[in-house]
Amino acid sequence: MAFYKRLIFMFCCIFSPPSLYAAETTPASGVNVLGIDLIQADITSVRSQLWNIGGYLQAKSSVKQHNYDKFFPWSTMRDSYYILFRYNHAGKITSVKRLYRPYSIEQNNRRTAITTREVARSLIQKLGAPSQIQTKGWGGSLGYRSYTWQDDKVTITVDREGGEKLGNIFVQYTVNIHDPYEVVQKEEDTPAQGA
């Protein structure tokens, strides 16, 4: 009897439409980082958001910069070294990079380093299957997998620094619609005609 129940269950799983089991996924351009909309936010709103949620220390080298901000988490996101925001001259976000620590402080009983698969798994729950998976590693080094999600506005990449197995894992969000060389044109006083 139990055999027939399993057989019926397998039959239903195989021949049921996949939409019954597919979770709602978000497009890459719909992802927020720390509550920040990557497409709409600018340098002022990023600094304001991180100040308001607290737990991040801005690097002194980036305080007076207008092209990047570097924040070190000290009471939240303690599994990361830093979060780096890059902007164009107009102040719009061009990319965000989160660099993970090899051993998460939040999971202090763990004896092994985190993997790209584990980091990608949390993104798969939100974004669905990645648009590209690559096996990387060079010079006879150990291989690992890199994951990419992409739409027409945003590219999200989970990879390792230096393209090697022992590099630290990072997640990079690249905004494709903001020109990195866009410049804000200031209104200039036009000279009077016929003066």
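These figures come from a predicted structure and were not determined experimentally. Note that these values count all heavy atoms, side chains included, but never hydrogens, waters or copies made by symmetry.
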K126 NZ: over 12 foreign heavy atoms closer than 6.0 Å: no

Same cluster or not: are I124 and L127 linked, directly or through other Ile, Leu, Val, Met, Phe, Trp or Tyr residues, by side-chain heavy atoms under 4.5 angstrom apart? yes

Looking at every non-hydrogen atom in both residues, tell me the closest pair between G55 and T76 and how far apart they are. O-OG1, 3.8 Å

Hey, any chance L84 and L38 share a hydrophobic cluster, counting ILVMFWY side chains that come within less than 4.5 Å of each other, even indirectly? no

Qualifying residues under side chain to side chain contact (heavy atoms under 4.5 Å, CB included), relative to S48, sequence neighbours excluded: N52

Sub-3.5 Å donor-acceptor pair from the side chain of T94 to the main-chain atoms of N88, do we have one? no

For the NZ atom of K60 and the CG atom of L57, what is their distance to the nearest 0.5 Å? 8.5 Å

Relative to Y144, does R160 satisfy both conditions: NZ or CZ under 6.0 angstrom from the six-membered ring centre, and within 45 degrees of the ring's axis? yes

E161 side, atom CD; I169 side, atom CD1 - distance, nearest 0.5 Å: 10.5 Å

In Å, rounded to the nearest 0.5 Å, how long is the span from CG of N67 to CZ of R86? 7.0 Å

Going only through I, L, V, M, F, W and Y residues with side-chain contacts under 4.5 Å, is there a path from V46 to Y68? no

Does a sphere of radius 6.0 Å around CZ in R47 hold more than 12 heavy atoms from other residues, nucleotides or ligands, not counting ones at 6.0 Å or beyond? yes

How many angstroms lie between atom CD of Q58 and atom CD1 of I83, to the nearest 0.5 angstrom? 12.0 Å

Exactly one of V158, T115, T135 should register a side-chain contact (heavy atoms from CB on, under 4.5 Å) with R145. Which one does? T135

Going from CG on L99 to OH on Y82, what distance comes out if it is rounded to the nearest 0.5 angstrom? 4.5 Å

Separation between CG (D159) and OG1 (T148), nearest 0.5 Å, reads 7.5 Å

